[in-house]
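By convention in this document, chain letters (A, B, ...) are assigned in the order of the sequence lines, proteins followed by strands, and residues within each chain are numbered from 1. What you see is a predicted model, and the numbers here were worked out from it, not measured in a lab. As a basis for the values below, the full set of heavy atoms in this structure was taken, side chains included, without hydrogen atoms, waters or symmetry mates.
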Amino acid sequence: MSRRHTDREFEAELAELRQRILLMAGRVEKMIALAMQALVEEDLELARTTIRRDDRVNQDEIEIDERCLLILARWQPMAFDLRFITHASKMGTDLERIGDMAVHICERVEDLYQSGYGGPFVRIPRMAEIVQEMLHDAVDAFVAEDVEQAEAVLRRDDEVDALYHDIFLGLLQRMSAGIEPVARCVAVQNIATYLERIGDHATNLAEQVIFVLRGRDVRHGGKRSPSDPPPVNSV
Amino acid sequence: MDPSNDKIRVEGLSAGFGDRRVLFDVSMALPARRVTAIIGPSGCGKSTFIRILNRMHELVRGAWASGEVHLDGVPIHGPGVDPVLLRRRVGMVFQKPNPFPHLSVRENVLAGLSLTGRRRRSEAEAVMERALAQAALWDEVRDRLDAPAGGLSGGQQQRLCIARALAVDPEVLLMDEPCSALDPIATARIEDLIHALCADYTIVIVTHSMQQAARVSHRTAFLLLGELVEHDDTDRLFTSPRDSRTEDYITGKFG
């Protein structure tokens, strides 16, 4: 929004909230990158220090929620501002969950290397690369107010799902054939699951960006029209 | 919107005072038994708009209006329409509570009735009690119906004015910033009343409070410099307006 609010205090509070979301997004992006580095470089210490970064991210979530509540109470925002405030809080929740996923990845890295299981990893880093791009693009779309960029993020979730499926099948085959220890396969499988979830949270973020920018709810195929038939209940 | 449900239909309405034009070609339909809020900055023509709906606008020297306003499909400016009878059907409540301060509560409620014909005393008492009850004021004033209205609180005075408007059994209630002189509790009472009254009446409310418009109305119209910029379901207009001028106004932007 290029036009400014008449009340500069309100403008400043919105700008600060926006800034906090961007900082938080930057922190979780970094956590995913470090978790992958710890995995690929077999760096246990890096895994541990990355886990500790989550405290700051958890704090971000609390502070963003607090700011959203205060802005709602003080200014009773409308239209774009109302959509932004209500979704800033949801964005904070998704970013916090991404932070948790990065922590879980680091924990599995610890499990792997403490048990003496190593790499190499090919598809996991590729999957991590895609979800990092998705997260980055969702945040970029928010900053640039670019709906098309946010929509492109939604389409990439299929790539993530396909890779996840590949990884799962590969691990299953190797476990069945007894080529690899089950413990290693389960840990790697878990990491793939965490990355897949990060992709889901990045998708949520992109959906939220679209809603904030356009007021259009694209979740779960969008809002049903009142004339649509009711969903069929499974018996 | 189902057109058969429109209580008032405004078509190509322009209006002004002498050389000054304050409304430009406004067209909109106001659904029956729904609350329509009119919002917009000072001087945008909100008050002129609603004053045209009961032909009070034309009482101002130099005032003029063109275009059509239909009430139940009948043009209100048509030949044979008596403005006094029209104002019984389309009542009005103003920004500042304006009871007759020296008249009693009872006399205030019945003031409109006395002007439009005599009633038997028992009938008048029934009308008064019904109007005060509808205005959610009966329980507070039943023991002081003969006390001067000037002794009531601001919020009570405004509800008394609403009772006075309801006593003549109108179909439409126009409210011109009815809460702007009231505290939050009195405001909540009036808003609660609006929610209840729209079961029977078509209500048009002018308000400077976006939050109030969002709370009480079903439809909202945004006027800017005499033009109707946007008219939509209230839920939609305050969450995702279609026009950037509406967006700027309701989010308090300039530039």
Working to the nearest 0.5 angstrom, can you tell me the gap between [X] [atom1] and [Y] [atom2]?
X: B:Tyr249; Y: A:Met78; atom1: OH; atom2: CE; answer: 10.5 Å
X: B:Arg215; Y: A:Gln76; atom1: CZ; atom2: CD; answer: 8.0 Å
X: A:Arg216; Y: B:Ser240; atom1: CZ; atom2: OG; answer: 11.0 Å
X: A:Leu82; Y: B:Ile250; atom1: CG; atom2: CD1; answer: 9.0 Å

Determine whether a donor-acceptor pair (N or O, by modelled atom type, separation under 3.5 Å) exists between the side chain of [X] and the backbone of [Y].
X: A:Arg4; Y: B:Lys253; result: no
X: A:Thr6; Y: B:Gly252; result: yes
X: B:Glu247; Y: A:Ala79; result: no

Considering all heavy atoms of both residues, which atom of B:Thr251 and which atom of A:Phe80 are nearest to each other, and what is their separation?
->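 Smallest interatomic distance, heavy atoms only, reads CG2-N, 4.2 Å.
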Look at atom [atom1] of [X] and say whether more than 12 heavy atoms of other residues, nucleotides or ligands are closer to it than 6.0 Å.
X: B:Ile185; atom1: CD1; value: no
X: B:Phe94; atom1: CZ; value: yes
X: B:Arg89; atom1: CZ; value: yes
X: B:His195; atom1: NE2; value: yes
X: A:Arg97; atom1: CZ; value: no
X: B:Leu225; atom1: CG; value: no

